[in-house]
Protein chains: 2
Amino acid sequence: MERRGGLSPEQELALLKTRKKVIEAVGNNMDLYGITPSTGHLYGLMFFQNKPMTLDDMRQAMEMSKTSMSTGVRTLVDLKMVNKVWEKGSRKDLYEVEHDWYQTFADFFSIKWRKAAEINLHALRKSRFELLALVEQYPGDEELEQQVQLDLAKIEEAIRYYQWLIRLIETLESQEIFKLVPKDNG
Amino acid sequence: MERRGGLSPEQELALLKTRKKVIEAVGNNMDLYGITPSTGHLYGLMFFQNKPMTLDDMRQAMEMSKTSMSTGVRTLVDLKMVNKVWEKGSRKDLYEVEHDWYQTFADFFSIKWRKAAEINLHALRKSRFELLALVEQYPGDEELEQQVQLDLAKIEEAIRYYQWLIRLIETLESQEIFKLVPKDNG
DNA sequence: TACTTCGTACAGAAATAACTGTACGTACTG
DNA sequence: CAGTACGTACAGTTATTTCTGTACGAAGTA
């Protein structure tokens with residue numbers, strides 16, 4: 001029986017077929033991370049690779065341009081889903097997936113959600129300040145005060161929410177979340 | 001001083017200007033929820049509305065087609081970010097935002113992330129089953145067993161991760177998360 | 001029953017995002 | 001010092017998504 005890479009063709013085929021289904025399932029749901037389908041597919045491909053990949057490896061496996069691989073892998077590196085690794089003697093950049101998915105999840109929130117929360121929090125606080133100033137500008141104007149109060153109540157509540165969200169993200173960043181929701185199914 | 005809706009033009013302008021900045025900040029970051037910018041903007045608009053809106057109200061305020069409002073609001077309703085409300089006497093459908101943002105956050109994970117986690121978990125378990133069957137099909141083939149073992153280890157770890165993720169989402173769904181990460185900044 | 005009004009399905013147009021090939025800067029190699 | 005290999009910026013093309021106008025079914029009204 002002819003063997004390639006230690007496996008018979010049927011065995012290799014069965015392995016690849018099984019991988020493919022997982023790659024597709026995982027890749028399809030990666031839009032939650034704001035990733036395009038093809039970058040998701042690239043990630044899935046790298047997931048089963050047992051050694052770091054170069055851009056040319058990816059290009060060949062994905063049958064796409066090297067430019068696309070470059071931008072796709074950059075997206076994944078920015079999200080810390082993939083790490084750039086060093087191997088002596090190689091001039092090419094090497095990449096491999098971060099296999100700690102708990103960490104990947106935490107990093108995603110740390111990078112994307114935290115940033116959004118901070119931007120919104122800043123806008124809300126500025127808005128609160130401006131509304132309070134507006135009321136002070138027209139002392140005794142009850143109609144104004146009433147209108148402003150409606151907006152202020154919403155803004156205050158939103159501020160509380162974002163503060164909570166940031167605290168939640170911090171429990172992810174500090175690994176404290178695993179004390180609250182343990183990894184093992186105890 | 002001329003008054004419209006109880007406020008002077010300058011006051012109204014100041015209020016709208018302040019609102020606009022919040023709407024933009026919030027709307028811009030809504031891509032995290034997989035929502036288009038214009039649907040995000042629609043959400044921001046509705047957020048400051050003090051009464052339920054009809055599709056025609058939205059069309060007018062957004063200066064867009066009614067069809068777009070219909071699809072946009074449907075997206076928001078599907079995500080439970082906006083609720084359809086009933087008002088006697090009105091033939092038109094009325095919508096208002098869900099102001100409990102903690103709930104909105106929890107619903108989002110319940111709807112989107114949980115679904116993705118379950119799909120992936122299913123694919124992974126099926127894959128695990130197939131790989132174990134493959135090994136059984138070729139008893140004593142150490143090379144195969146070794147190769148399969150590499151994939152299996154990754155799959156097992158991924159399964160553990162998704163199980164954890166689903167448990168985390170369940171703490172959101174059950175409000176238990178607020179015991180772990182309290183709303184109030186104690 | 002005929003006449004409105006409402007929301008949305010659907011097809012085409014407009015806008016946006018993804019992908020490719022070329023070109024170029026950087027860094028090794030001989 | 002050429003000469004080569006590498007990664008990516010950039011502009012143009014292709015593909016996808018978003019948005020619009022028309023059309024139509026459902027439900028209310030006279």
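Below, all heavy atoms of this structure are taken into account, side chains as well, without hydrogens, waters or symmetry copies. Residue numbers begin at 1 in each chain, while the letters A, B, ... track the order of the sequences.
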Novice: Whole Å only: how far is the CD1 atom of A/Ile35 from the P atom of C/dA18?
Specialist: 11 Å
Novice: Could you check whether A/Gln175 and A/Gln103, counting side-chain N and O atoms only, form a donor-acceptor pair closer than 3.5 Å?
Specialist: yes
Novice: For B/Leu132 and B/Leu152, which heavy atoms make the closest approach, and how far apart are they?
Specialist: CD2-CD1, 3.7 Å
Novice: Between the main-chain N or O of B/Glu87 and the side-chain N or O of B/Ser90, is there a donor-acceptor pair closer than 3.5 Å?
Specialist: no
Novice: Report yes if the distance between the aromatic ring centroids of A/Tyr33 and B/Trp113 is under 6.0 Å, otherwise no.
Specialist: yes
Novice: Are any side-chain N or O atoms of B/Ser174 and backbone N or O atoms of B/Glu170, one a donor and one an acceptor, separated by less than 3.5 Å?
Specialist: yes
Novice: Which of residues 80-93 of chain A have a heavy atom under 4.0 Å from DNA chain D?
Specialist: A/Arg91, A/Lys92, A/Asp93
Novice: Check the angle between the aromatic planes of B/Phe178 and A/Trp164 and answer parallel, tilted or perpendicular using the 30° and 60° thresholds.
Specialist: tilted
Novice: How many Å lie between NZ on A/Lys66 and P on C/dA23, as a whole number?
Specialist: 17 Å
Novice: Indicate, with a heavy-atom threshold strictly under 4.0 Å, whether A/Thr71 touches base, sugar-phosphate, or nothing.
Specialist: nothing
Novice: Where each residue is assigned the nucleotide of DNA chain C containing its nearest heavy atom, which of A/Glu63 and B/Val73 is assigned the position nearer the 5′ end?
Specialist: B/Val73
Novice: I want to check one thing: is the phosphate of C/dT20, taken as OP1 and OP2, less than 4.0 Å away from some side-chain N or O of A/Ser65?
Specialist: yes
Novice: Can the ring centroids of A/Tyr102 and A/Phe108 be said to lie less than 6.0 angstrom from one another?
Specialist: no
Novice: Between the protein and nucleotides 10-13 of chain C, which nitrogen or oxygen pairs are less than 3.5 angstrom apart?
Specialist:
none

Novice: With a non-hydrogen cut-off below 4.0 angstrom, is B/Thr36 in contact with a base, only sugar-phosphate, or nothing?
Specialist: sugar-phosphate
Novice: Where does the angle between the aromatic ring planes of B/Trp101 and A/Tyr162 fall among parallel (under 30°), tilted (30 to 60°) and perpendicular (over 60°)?
Specialist: perpendicular
Novice: Where does the chain A footprint on DNA chain D start and end, counting 5' to 3' with a 4.0 Å heavy-atom cut-off?
Specialist: D/dA5 to D/dC10
Novice: Between B/Met64 (CE) and C/dA14 (P), how many Å, whole number?
Specialist: 15 Å
Novice: Give me the atom names and distance for the closest heavy-atom approach of B/Gly72 to B/Thr39.
Specialist: O-CG2, 3.6 Å
Novice: Quick check for you: to the nearest 0.5 Å, what is the distance between B/Asn83 atom CG and B/Met81 atom CE?
Specialist: 11.5 Å
Novice: Check whether more than 12 heavy atoms from other residues, nucleotides or ligands sit under 6.0 Å from atom CD of B/Glu173, and answer yes or no.
Specialist: yes
Novice: What is the distance, rounded to the nearest whole Å, between atom CE of B/Met69 and atom P of C/dC6?
Specialist: 17 Å
